[in-house]
Amino acid sequence: MDLRDTPAEAEFRAEVRQWLAENLVGEFAAARGVGGPADPVHWEVRLAWERKLAEAKLLNISWPTEYGGRGGTLAQEIVFLQEHATAAAPYWVGTQGRDLFGPTLLHHGSDELKARFLPKITAAEEFWAQGFSEPGSGSDLASLRTKAVRDGDEWVINGQKIWTTFGAYADWLYVLCRTDPDAPAHRGISMLLIPADQPGVDIRPIQTLAGTMEFCEVFFSDARTKADLVVGPLNGGWKVAMGTVGSERLLTTLPYQYMFERELRDLIAVLKDRGRTKDPLVRQKLAEAWIGLEVIRYTNMRMITSLMRTGTLNEESSISKLQWSEWHRSLGELEMLLLGPAAEVVGEDYGLDLFQNSFLTSRAETIYGGANQIQRSIVGERILGLPR
């Protein structure tokens with residue numbers, strides 16, 4: 001692993017830094033550090049920032065130019081993510097289309113589908129939501145029951161999805177449906193693209209423990225989509241979906257590392273201000289948290305190196321997901337412990353401070369992107385070679 005930039009990467013890093021210094025001003029500077037891949041706060045200013053990034057072709061850097069990208073390298077993409085996170089710039093809102101569905105479509109989609117959808121994603125003109133999890137079959141996607149039946153030149157979809165991030169903002173849904181009910185569990189599944197604005201699609205926001213509304217449940221009642229809006233081979237959606245999940249476990253969550261560092265530094269500053277860091281037990285707990293953050297950082301570097309060498313992410317992405325989600329949940333618990341009774345007092349209208357919000361939202365982080373129980377099974381069976 002060589003952590004040094006090549007001359008070309010160093011030149012690009014300088015370009016990104018200069019652009020951020022010139023453009024991260026005004027309302028955007030006031031919104032430093034807000035948002036995240038599954039965070040709905042400050043939507044409008046983040047959308048404006050995303051469109052500004054898109055105009056400069058600083059999003060979708062590695063996408064082909066014909067789809068609105070820069071035609072750059074994966075290394076440049078990672079450099080941008082690092083610099084954007086270091087500057088604490090507002091996180092874009094189009095993460096579902098830009099970071100998850102878009103790369104999947106690039107890899108598995110037909111030329112017609114790519115030409116139709118990717119430029120709109122690149123320009124932040126159309127937004128997407130993921131329809132994978134279902135009640136009773138969250139991380140076990142192979143047990144999904146949403147059905148799509150062919151009716152002439154259309155599919156008719158019936159079923160229910162849940163935990164659909166940013167579903168209320170979506171123009172389109174990329175949905176796993178069972179298109180062959182007689183096939184084995186991992187087969188007979190296809191990824192369909194379904195317009196959200198139609199009578200057969202009912203999207204209902206779900207209020208989370210932290211009071212936010214980023215997740216939704218979606219009901220399909222004879223919803224329809226065109227027969228050619230299938231990503232990858234018909235009945236081959238399982239393999240297509242696994243690529244999306246792998247991307248979610250690294251590149252989409254890579255900025256978390258920087259958010260976590262700012263959060264831990266903020267905690268240390270508050271505790272120091274209150275005189276708590278004079279306690280050697282408090283210092284020991286903070287040191288342990290910092291060590292965990294460093295482990296996450298080096299694991300991410302190793303995975304980035306593997307991704308750049310091979311172009312794919314394999315089962316090791318499960319290790320990263322386990323590490324950062326378990327660490328952040330533990331950090332939230334540590335924050336509540338060290339801040340004492342004051343941490344239990346919320347603001348007006350259930351207003352949460354940084355640490356209270358982190359404590360509550362981190363509970364869900366061990367679930368989305370594939371529950372940690374599933375990740376442990378993947379690590380045990382596919383990496384360590386243990387029996388099922």
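Positions are given from 1, in the same order as the sequence printed here.
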Point to revise | Heavy-atom side-chain proximity of Leu176 to Thr146 below 4.5 angstrom | key: no
Review point. Is the backbone N or O of Pro135 less than 3.5 Å from a side-chain atom of Arg145, with the two atoms forming a donor-acceptor pair by type?
Key: yes
Exercise for review: Please check if the side chain of Arg178 supplies one atom and the backbone of Asn235 the other of a donor-acceptor pair under 3.5 Å.
Suggested key: no
Exercise for review: Run the salt-bridge test on Arg13 and Glu9 with the 4.0 Å N-O cut-off and return the result as yes or no.
Suggested key: no
**Study point:** Short side-chain to backbone donor-acceptor contact, Arg70 and Leu58, under 3.5 Å
**Key:** no
Point to revise | Main-chain N/O of Thr212 paired to Thr208 side chain as donor or acceptor, under 3.5 Å | key: yes
Check your understanding: Side-chain contact, heavy-atom cut-off 4.5 Å: Ile296 with Trp327?
Key -> yes
Review point. Around Glu11, counting heavy atoms of other residues, nucleotides and ligands shown, do more than 12 lie under 6.0 Å from its CD?
Key: no
**Study point:** SB check Glu55 Lys52 (cutoff 4.0 Å)
**Key:** no
Point to revise | Residue pair Ala210 / Asn357: nearest heavy atoms and the distance that separates them | key: CB-OD1, 3.7 Å
Which side-chain N or O atoms in residues 34-45 pair as donor and acceptor under 3.5 Å with protein atoms at least two apart or in another chain?
unit_1	atom_1	unit_2	atom_2	d
Asp39	OD1	Val41	N	3.1

**Study point:** Charged N-O contact under 4.0 Å between Arg98 and Glu50
**Key:** yes
Review point. Parallel, tilted or perpendicular for Trp238 and His186, by the 30°/60° rule?
Key: perpendicular
Exercise for review: Pick out which of Leu192, Val230, Val156 makes a side-chain contact (heavy atoms from CB on, under 4.5 Å) with Thr225.
Suggested key: Leu192
Exercise for review: Would you indicate whether Arg116, at its atom CZ, is surrounded by more than 12 heavy atoms from other residues, nucleotides or ligands within a distance under 6.0 Å?
Suggested key: yes
Check your understanding: Is it the case that Ser318 and Gln375 place a side-chain donor and acceptor less than 3.5 Å from each other?
Key -> yes
Review point. Do Phe220 and Lys161 have side-chain heavy atoms sitting under 4.5 Å apart?
Key: yes
Review point. Taking the six-membered ring for Trp, are Tyr169 and Phe166 parallel (under 30°), tilted (30 to 60°) or perpendicular (over 60°)?
Key: perpendicular
Check your understanding: Would you say the side-chain atoms of Asn158 pair up with the backbone N or O of Asp222, donor to acceptor, closer than 3.5 Å?
Key -> yes
Practice item. Looking only at non-hydrogen atoms, find the nearest pair between Glu154 and Arg224 and report the distance. Key: OE1-NH1, 2.8 Å
Check your understanding: Are Val79 and Trp19 connected in the hydrophobic side-chain network, where two residues link if heavy atoms are under 4.5 Å apart?
Key -> yes
Check your understanding: Can you hop from Val201 to Phe215 via hydrophobic side chains spaced under 4.5 Å?
Key -> no
Check your understanding: Is it true that Tyr256 and Leu354 fall in one hydrophobic cluster, defined by side-chain heavy atoms closer than 4.5 Å?
Key -> yes
Exercise for review: Please tell me if the side chains of Glu217 and Gln160 come closer than 4.5 Å, counting only heavy atoms from C-beta onward.
Suggested key: yes
**Study point:** Under 3.5 Å: donor-acceptor pair, side chain of Thr122, backbone of Tyr67
**Key:** yes
**Study point:** Residues, nucleotides or ligands: over 12 heavy atoms within 6.0 Å of Trp92 CH2
**Key:** yes
Exercise for review: Kindly state whether the ring of Tyr174 and the ring of Phe101 have centres lying under 6.0 angstrom apart.
Suggested key: yes
Exercise for review: Heavy atoms only: give me the nearest Leu334-Ala289 pair and the separation to one decimal.
Suggested key: CD2-CB, 4.3 Å
Practice item. For the pair Glu335 (side chain) and Gln356 (backbone), establish whether a donor and an acceptor sit closer than 3.5 Å, ignoring hydrogens and angles. Key: no
Practice item. Hey, can you tell me if Trp128 and Phe117 have their rings parallel, tilted or perpendicular (30° and 60° cut-offs)? Key: perpendicular
Check your understanding: With no hydrogens and no angle check, is any side-chain donor or acceptor of Arg150 less than 3.5 Å from a backbone partner on Ala227?
Key -> no
Check your understanding: Does any N or O in the side chain of Gln96 come within less than 3.5 Å of the main-chain N or O of Leu173, such that one atom is a donor and the other an acceptor?
Key -> no
Review point. Do Glu134 side-chain atoms and Leu144 backbone N/O form a donor-acceptor pair below 3.5 Å?
Key: no
Revision key, fill the gap. Shortest non-hydrogen pair, Leu234 vs Ser190, comes out as CD1-OG, 3.4 Å
Exercise for review: List the steps, then state whether side-chain contact (heavy atoms from CB on, under 4.5 Å) holds for His84 with Leu53.
Suggested key: CA-CA 10 Å; His84 188 273; Leu53 287 167; 3.8 Å; yes
**Study point:** Any Leu339 side-chain heavy atom under 4.5 Å of Leu271 side chain
**Key:** yes
Practice item. Step by step, work out the side-chain contact (heavy atoms from CB on, under 4.5 Å) result for Arg262 and Arg265. Key: CA-CA 5 Å; Arg262 289 197 298 271; Arg265 289 186 182 278; 5.7 Å; no
Review point. Do you see a donor-acceptor pair shorter than 3.5 Å between the side chains of Ser362 and Ser358?
Key: no
